[in-house]
Amino acid sequence: MKQHQQAAKPRNLTVLTPIATATAVLALGLASPAFAQQEAKEGDNVVVVTGIRGSLQQSLSVKRNAAANIEVVTAEDVGKMPDKNVADSLQRLPGVNISTSAAGSGGFDENDRVSLRGTAPSLTQTTINGHSLSSGDWFVLDQVGGAVGRTASYSLLPSEIVGQVVVRKSPTADLVEGGAAGTVDIITRKPLDFKEPLVLEGSVQAVHSTLAGKTDPQISLLANWKNDTGTLGALVQIFSEKRSLRRDGQELLQWTQISPTSDLAKAKPDLANVWYPRLIGSSLFEQERERKGGSVSVQLKPSRDFSLEATYFNSKLNASNYNRNYMTDMAANGAIGGNVVPDSYTVHNGTLTSVVYSNKGTAANPLRYGIVDDIVREGAFAKSQFGDIAGKWRPSNDLTISGSIGKTKGTGETPSQGVYEGDVNNSGVMYQLNGMGSPATVKFPSIDTSKFTGTILDWVFGYSPATTSDEETYGQLDAAFKLEAGPLREIKFGVRGTNHKRSNFAVAQGPNWSNTEPGTANTNPAWNGTTYPGDFGKDLGGDFPRNVWQLDRSILNEWGNVHSNRSKDRTYYPDMFNLTEKTKAVYAMGEFEGENWSGNAGVRIVRTEGESNGYQILPNQLPGQNLPAFPWGGFVQQTRIENNGTEVLPSANLRFDVAKDVVARFGISRTMTRPDFGALGGTVSLTDETHTGNGGNAALKPTKSNNIDATLQWYFAPRALASVGVFYMGLKDYVGYGTSRGTFIDSRASQQSGKPVFAEYVITSPTNVDADVKGLEVNLQMPLGSGFGWDANVTLADSKQKFGSCPHTQTSTSASPCDMLGASKTTANVGAFYENDKFNVRLSYAWRSDFLAAQDRGTPLYMAAIGQLSASFNYSITKNLVFTFSGQNLNDPILKNYVYNKDQPARFYANGVQYYAGLRFKY
């Protein structure tokens with residue numbers, strides 16, 4: 001939000017000298033407040049800086065004057081950084097981590113989740129204008145089952161809506177609870193904040209994705225009006241942003257151990273307990289993302305003592321997608337699953353790193369070596385909306401009363417999945433793992449992977465439809481009373497109440513037996529001769545199938561509509577739940593101020609009353625009950641578990657002016673985060689082929705964190721900061737993961753046999769454990785003169801679970817035994833910019849080290865270290881018209897995952913580079 005100002009009267013300014021520039025580089029190591037300065041002489045002209053430098057100065061001013069430790073990004077920062085959503089901007093702040101997806105969907109080219117200080121995104125609270133924000137997810141596995149989280153999807157939040165973003169690392173008692181690690185508060189633009197009575201601004205851009213090879217339009221418009229007296233204003237904003245996405249990948253799925261009691265292990269004892277990837281696939285994902293929505297805000301301020309504002313926001317991400325995967329199947333009857341002794345193999349670090357199976361199948365006795373999934377999800381979407389009314393009244397000079405009421409709702413839906421799963425028979429198969437250096441080498445030596453002919457329909461599966469809904473109504477009332485009682489200058493107190501509901505629904509589709517013949521090619525969809533794009537996998541390297549057949553998207557979708565049974569009789573209760581949470585909170589705090597110091601202290605008391613309603617499949621009818629039958633056998637029993645508790649959350653923050661330009665901060669607090677919905681829901685998501693699954697735990701307690709935060713900040717020049725900080729989080733009842741065994745219905749075997757089949761499954765489920773995080777943040781931001789400037793920060797975090805979820809293996813293969821989800825040991829950012837009256841350019845690079853990204857099918861899924869390079873360029877054609885050009889992922893990073901160690905790769909993804917170009921105008 002650029003503001004043009006007239007030159008003020010001459011005043012003293014601190015100017016950065018060349019000596020000071022050199023000294024600042026040493027500032028963090030010396031931690032000395034000494035600094036070479038020179039004062040502007042009386043009568044010198046004063047330049048009021050706008051643009052990037054002006055917004056940086058505004059951000060630092062807010063940060064410096066805040067009572068607690070915060071980070072700030074302003075609207076001009078967002079507008080002139082190479083950012084398309086809020087998460088992109090936040091990743092450049094010290095202590096902030098980002099990830100490109102929720103747990104179930106892999107990784108993409110747009111940042112989607114935010115976390116703080118080496119913790120999982122679930123421990124970071126996202127609010128908008130101080131209240132909760134509900135959002136849905138577009139990917140089916142994030143809508144249903146144990147992966148359903150509590151975090152907000154930033155892909156629904158375009159940067160255009162932002163006035164300011166405040167990251168609160170040390171809490172105060174008046175802050176809404178929910179962020180054990182911290183809170184990100186997105187503050188939208190306000191009608192009365194604009195200087196001119198009438199403002200019209202917007203942008204028209206085109207985005208080009210190099211891998212998808214497509215160019216799409218992006219449009220945003222804002223109109224703001226306020227009356228001459230500044231007592232009434234109205235803002236309307238709309239956006240429509242389309243983007244084509246393509247992801248080339250190799251996926252190594254369902255890592256499994258060879259049973260020591262199997263015939264294969266008996267024949268080859270050195271294979272007992274060895275890990276191997278069941279599926280190694282050539283994965284092609286394509287999607288059209290179209291983000292549409294807007295906001296309306298009306299602000300009334302008839303006097304300086306009274307104001308009222310009403311805001312409505314709605315954002316919908318249409319996210320239809322098509323995923324193809326041509327995979328080995330080492331658990332099939334031609335390979336390990338058939339206890340067939342390999343022609344050759346190698347074992348390293350408890351892992352089957354290479355194996356060769358020549359074809360031993362015949363037309364009369366076919367053997368399977370591979371499997372193919374083509375899955376189209378037309379109409380998938382995610383949506384977020386809220387309506388809020390907030391007011392403030394000052395009945396006297398000493399008393400201020402404020403309050404708000406509102407409702408927020410998020411939805412996600414996959415209306416249908418068109419699924420064709422085909423068997424690859426009589427092909428033979430071999431693979432060679434190449435660690436994390438390149439994708440695995442994979443061959444099907446006896447067939448042509450580009451030909452659909454000969455593929456056998458195996459099955460129709462998947463949630464179809466699947467929906468998720470999340471909503472919260474809230475209300476709060478706050479009061480602040482000024483007084484002069486020694487250092488106590490103000491007391492605050494307030495109450496807040498919420499009613500939160502989360503639910504989902506899923507149908508487990510299967511073949512339509514009236515017109516579908518699994519096990520044959522008789523009812524296959526028509527193939528029009530198409531294969532993967534000719535440049536598939538060009539950025540990944542390695543040697544694996546690239547010239548692979550694919551079904552036409554529209555043909556597959558229609559085939560799925562005809563050959564799939566999506567009756568509600570197939571409602572899949574094990575992956576469904578509905579939760580309610582009612583909270584009541586009260587707080588009281590005092591604001592203190594003395595000579596060269598200030599601070600606050602208070603306590604927040606929160607009562608949570610939760611109820612989890614899930615389902616359990618019982619093998620037998622309970623005595624005296626008439627339970628409904630489950631379609632795959634057994635009987636459905638609804639479970640109801642209450643989970644209530646009261647938490648006392650004290651906090652205190654002190655701010656000291658150590659010297660004119662040096663501020664020291666210290667904070668101590670207790671915070672909390674409620675467990676993810678999927679963890680509480682009690683659902684159990686099963687993989688029938690491997691008899692593994694993920695489950696929930698409705699009795700989980702909230703995570704509590706005892707926090708210490710200390711920071712020394714040196715504002716050694718205008719728009720300059722050198723700081724160093726340390727932090728500690730002692731987490732009690734952190735949600736880790738452990739394993740257990742249980743008996744469940746095998747739906748696939750039950751369907752095939754025509755009678756109920758139960759089996760023992762190994763279930764990975766959440767459990768409460770203790771953990772701690774300690775770390776160091778170093779930050780340097782400084783202008784260099786003549787329009788140049790740069791910034792850099794590093795966060796070091798040491799996080800560890802103390803017991804409970806450490807993955808156990810029977811071989812030397814192991815991960816770091818107690819890694820916490822989302823915890824990178826090192827996060828670093830560096831950026832540089834140049835700006836003059838006509839144009840500006842900015843480069844940014846963000847890097848984070850390895851971290852545990854998710855629990856996937858009972859095994860850990862680590863993300864390897866990754867860095868992203870972005871750039872932006874803006875040129876002012878006139879004072880009202882600016883040409884913009886930016887690029888994201890300019891280094892074309894390859895996203896890489898592994899399982900227990902780097903001898904066990906799990907994913908290789910290439911998403912390409914994205915370029916944006918267009919015009920931004922303001923009148």
Side-chain angles (χ1 to χ4, degrees), residues 87 90-91 93-108 111-126 137 142 146-154 167 169 178-184 671 673-679 694 703 705 707 727 729 731 733-737 764 766 769-775 777 795-802 804-807 815-829 846-856 859-868 895-899 906-907:
L90 293 177
Q91 70 174 321
L93 298 176
V96 178
N97 303 119
I98 52 87
S99 54
T100 61
S101 71
S105 54
F108 297 103
N111 294 316
D112 188 57
R113 292 300 194 273
V114 172
S115 59
L116 297 178
R117 292 178 161 176
T119 62
S122 60
L123 296 183
T124 297
Q125 168 99 322
T126 295
D137 288 295
D142 297 324
V148 176
R150 195 181 282 266
T151 57
S153 173
Y154 280 73
V167 179
K169 297 178 179 179
T183 297
V184 177
T671 52
T673 291
R674 300 175 182 93
D676 279 344
F677 298 113
N694 297 307
T703 298
S705 181
N707 313 300
F727 58 87
M729 289 182 278
L731 297 163
D733 294 326
Y734 174 74
V735 179
Y737 287 84
T764 300
V769 300
D770 286 345
D772 59 41
V773 182
K774 52 192 174 186
E777 293 176 350
T795 302
L796 306 177
D798 181 16
S799 58
K800 187 176 296 182
Q801 295 183 56
K802 296 183 180 179
S805 66
C806 315
S816 179
C818 289
D819 286 334
M820 292 174 59
L821 284 172
S824 285
K825 293 185 181 298
T826 305
T827 304
N829 300 277
W847 183 89
R848 65 181 301 187
S849 62
D850 299 21
F851 64 97
L852 179 60
Q855 290 285 339
D856 180 57
T859 57
L861 183 66
Y862 286 84
M863 174 69 77
I866 185 72
Q868 297 169 298
L895 306 180
K896 300 179 181 181
N897 295 95
Y898 57 94
V899 184
R907 312 280 194 278

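Treat the numbers as computed from the prediction; the structure is a model and nothing was measured.
- Considering all non-hydrogen atoms of both residues, W847 and A865 come closest at CZ2-CB, 3.7 Å.
- The CG atom of L93 lies 12.0 Å from the OG1 atom of T827; values are rounded to the nearest 0.5 Å.
- When all heavy atoms of A797 and F727 are compared, the pair lying nearest together is CB-CZ, 4.4 Å.
- In this structure, Y734 OH and L123 CG are separated by 6.0 Å, a value rounded to the nearest 0.5 Å.
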Evaluate side-chain contact (heavy atoms from CB on, under 4.5 Å) for T671 paired with N707, printing each intermediate quantity in order.
CA-CA 8 Å; T671 52; N707 313 300; 3.0 Å; yes
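- Considering only heavy atoms from C-beta on, V167 comes within 4.5 Å of L116 through its side chain.
- With hydrogens and angles ignored, the 3.5 Å screen pairs a side-chain donor or acceptor of S849 with a backbone N or O of T826.
- Smallest separation of non-hydrogen atoms from T119 and A181: OG1-CB, 3.5 Å.
- Across every non-hydrogen atom of S122 and D676, the tightest pair is CB-OD1, 3.3 Å.
- A pairwise comparison of heavy atoms in N97 and R117 identifies OD1-N, 3.9 Å as the closest pair.
- Looking at T124, its side chain never comes within 3.5 Å of a backbone N or O of T183 through a donor-acceptor pair.
- Distance check: N897 CG to F851 CZ gives 8.0 Å after rounding to the nearest 0.5 Å.
- Two residues are said to be in side-chain contact when any heavy atoms from C-beta on lie closer than 4.5 Å; V184 and Q125 fail this criterion.
- Note that the CG atom of D819 and the CG atom of L852 stand 6.0 Å from one another [nearest 0.5 Å].
- With hydrogens and angles ignored, the 3.5 Å screen pairs a side-chain donor or acceptor of R150 with a backbone N or O of P675.
- Residues L731 and M820 are in side-chain contact: their nearest non-hydrogen atoms beyond the backbone lie under 4.5 Å apart.
- In terms of modelled atom types and a separation under 3.5 Å, the side chain of S705 and the main chain of M729 share no donor-acceptor contact.
- The two residues Q801 and V769 come nearest to each other via the heavy atoms OE1-CG2, 3.4 Å.
- Side chain of S799 to backbone of V773: no donor-acceptor contact under 3.5 angstrom is found.
- Separating the CZ atom in R674 from the OG1 atom in T703 is a distance of 11.5 Å, to the nearest 0.5 Å.
- L90 is listed as a side-chain neighbour of Y154, based on a closest heavy-atom distance under 4.5 Å.
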